[in-house]
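Predicted model, so just to flag it, every value in this text is computed and none were measured.
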Amino acid sequence: MRNKKRLLALAAAVIMITAAFGVLPARAGIDEVISDGAYQAPLAEEVKVTQPGEQAVKTGARVEMEYKVRPGDTLWRIAAGSGLTVLQLARANNLDNSDIILVGQTLIIPETTTTAAKTDKVPIGDWAWPVTGPITSSFGIRGDRPHKGIDIGAFTGDTVTAPEGGRVVWAAPRGTYGLTVIIDHGNGIRSLYAHCSKLLVHEGQQVNRREPIARVGNTGRSEGPHLHMEILRQGIPLDPLMFLKENLADKA
């Protein structure tokens with residue numbers, strides 16, 4: 001019995017020492033940690049928040065997004081950008097293959113992971129641009145690998161602003177993403193901004209639309225200064241261009 005107590009005490013001491021010196025990795029937090037490159041333990045922990053409207057997600061209610069069709073859109077493009085199949089998108093909007101979608105038409109982007117009857121609707125497509133610049137890499141397949149966001153060309157030091165209000169749940173280095181900010185916007189929707197040169201916010205901070213959150217940079221695995229932006233809905237990457245204002249010049 002005495003030897004058993006000594007072993008338990010020794011094990012507890014080892015755990016306390018390794019945790020104190022950072023040998024045990026910090027909790028990764030959200031599911032979309034790092035999908036490319038070698039894993040590195042994050043240097044910060046996710047801040048747990050409850051945003052208005054997020055309770056509907058936790059209690060099982062469906063949260064649908066409303067998207068207005070833009071010039072050049074097709075059912076395939078909208079479905080691919082929202083993590084759905086064309087069939088799922090068509091069924092959610094009572095469409096068949098012969099139907100033509102019209103510019104300005106509102107489509108429902110359904111939540112496919114829950115089946116509860118209650119539904120909350122979240123309009124998208126009017127977010128401000130986080131930084132001014134051309135799209136240098138689009139959402140989708142890049143080479144032979146998925147590119148889970150968009151890259152916006154910009155200069156080192158350019159100000160990155162929040163396209164919509166929310167609470168910062170990550171503001172720290174994040175492996176190959178470099179200096180990264182993640183904002184929780186509620187309703188299961190989060191946005192990520194990577195490769196920054198400087199962070200202007202901290203975890204737990206509430207930010208408003210167009211509020212500065214970081215500076216453009218080239219940290220992490222990057223081949224030049226730019227902003228990498230992702231949108232995740234319940235951890236599933238969506239095309240950020242579906243959320244941002246159609247015209248880059250219209251950033252307000």
Side-chain angles (χ1 to χ4, degrees), residues 32 49 51-54 63-73 77-78 81-83 103-104 106-107 109 120-140 147-171 177-217 225-233 236-252:
E32 66 272 14
V49 297
Q51 292 284 77
E54 187 177 5
V63 177
E64 296 179 339
M65 298 186 298
E66 294 182 324
Y67 174 76
K68 287 189 176 181
V69 177
R70 299 172 176 177
D73 276 342
R77 177 189 176 279
I78 297 172
S82 55
V103 173
T106 298
L107 295 180
I109 310 297
D120 289 344
K121 289 185 171 59
V122 180
I124 61 174
D126 196 44
W127 287 25
W129 283 72
V131 70
T132 299
I135 302 299
T136 57
S137 186
S138 300
F139 176 86
H147 187 232
K148 298 182 179 181
I150 58 174
D151 292 344
I152 305 175
F155 295 101
T156 298
D158 283 355
T159 301
V160 180
T161 59
E164 273 297 319
R167 188 174 295 274
V168 177
V169 295
W170 188 278
Y177 281 75
L179 291 177
T180 301
V181 174
I182 299 175
I183 301 175
D184 190 305
H185 303 280
N187 294 300
I189 299 173
R190 290 181 171 185
S191 59
L192 176 150
Y193 310 88
H195 305 307
C196 303
S197 61
K198 183 179 181 180
L199 304 180
L200 305 178
V201 292
H202 56 81
E203 288 102 339
Q205 179 178 339
Q206 186 73 33
V207 294
N208 299 316
R209 179 185 174 104
R210 305 293 292 118
E211 183 173 342
I213 59 173
R215 304 286 185 192
V216 172
H226 70 284
L227 179 68
H228 175 77
M229 177 185 182
E230 295 182 12
I231 300 288
L232 299 111
R233 182 190 189 194
I236 299 174
L238 309 180
D239 188 350
L241 291 181
M242 294 182 60
F243 286 74
L244 300 174
K245 282 179 174 288
E246 183 178 358
N247 298 319
L248 175 60
D250 187 8
K251 291 183 59 185

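Atom OG1 of T161 sits about 3.5 Å away from atom CZ of R210, to the nearest 0.5 Å. Note that CG of D239 and CZ of R77 are 5.5 Å apart. Values are rounded to the nearest 0.5 Å. Here the NE2-CG distance, from H195 to D151, works out to 6.5 Å after rounding to the nearest 0.5 Å. In this structure, CD1 in I182 is found 10.0 Å from CG in D184, a value given to the nearest 0.5 Å. In this structure, the separation between CD on E203 and CH2 on W170 is 7.0 Å, given to the nearest 0.5 Å. Here the OG-CG distance, from S82 to L107, works out to 9.5 Å after rounding to the nearest 0.5 Å.
Residues Q206 and V168 have side chains not in contact (no heavy-atom distance under 4.5 Å, counting atoms from C-beta outward). Between V131 and M229 there is no side-chain heavy-atom pair separated by less than 4.5 Å. Looking at F155 and V216, their side chains never come closer than 4.5 Å, going by heavy atoms from C-beta outward. Taking 4.5 Å as the limit, every side-chain heavy atom of L199 sits out of range of all side-chain heavy atoms of T180. Using a 4.5 Å heavy-atom cutoff, the side chains of Y67 and I78 are in contact. The side-chain heavy atoms of L241 and I135, taken from C-beta on, include a pair separated by under 4.5 Å. In this structure, Y177 and H228 have side chains that are in contact, with non-hydrogen atoms separated by less than 4.5 Å.
In this structure, P163 and A128 approach most closely via the heavy-atom pair CB-O, 2.7 Å. The two residues I152 and P130 come nearest to each other via the heavy atoms CD1-CG, 4.1 Å. Taking both residues in full, the closest heavy atoms of S191 and Y193 are given as OG-OH, 2.7 Å, listed atom of the first, atom of the second, then distance. Scanning all heavy atoms of the two residues, the minimum distance from P225 to T156 falls at CB-OG1, 3.2 Å. Contact between G81 and F139 at its shortest, heavy atoms only, is CA-CE2, 4.1 Å. The shortest heavy-atom contact between N208 and A162 is O-CB, 3.6 Å.
Salt bridge K121/E66: absent, no basic N to carboxylate O contact under 4.0 Å.
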Steps toward salt bridge (Lys or Arg N to Asp or Glu O under 4.0 Å) verdict (R215, D158): CA-CA 5 Å; R215 304 286 185 192; D158 283 355; over 6 Å; no
Salt bridge (Lys or Arg N to Asp or Glu O under 4.0 Å) assessment of R209 paired with E164: CA-CA 4 Å; R209 179 185 174 104; E164 273 297 319; 2.3 Å; yes
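Across I213, I183, V160, a single residue satisfies side-chain contact (heavy atoms from CB on, under 4.5 Å) together with V201, and that is I213.
Remark: aromatic rings of H185 and W127 are close, center separation under 6.0 Å.
Here the side chain of R233 pairs no donor or acceptor atom with the backbone of I189 at under 3.5 angstrom.
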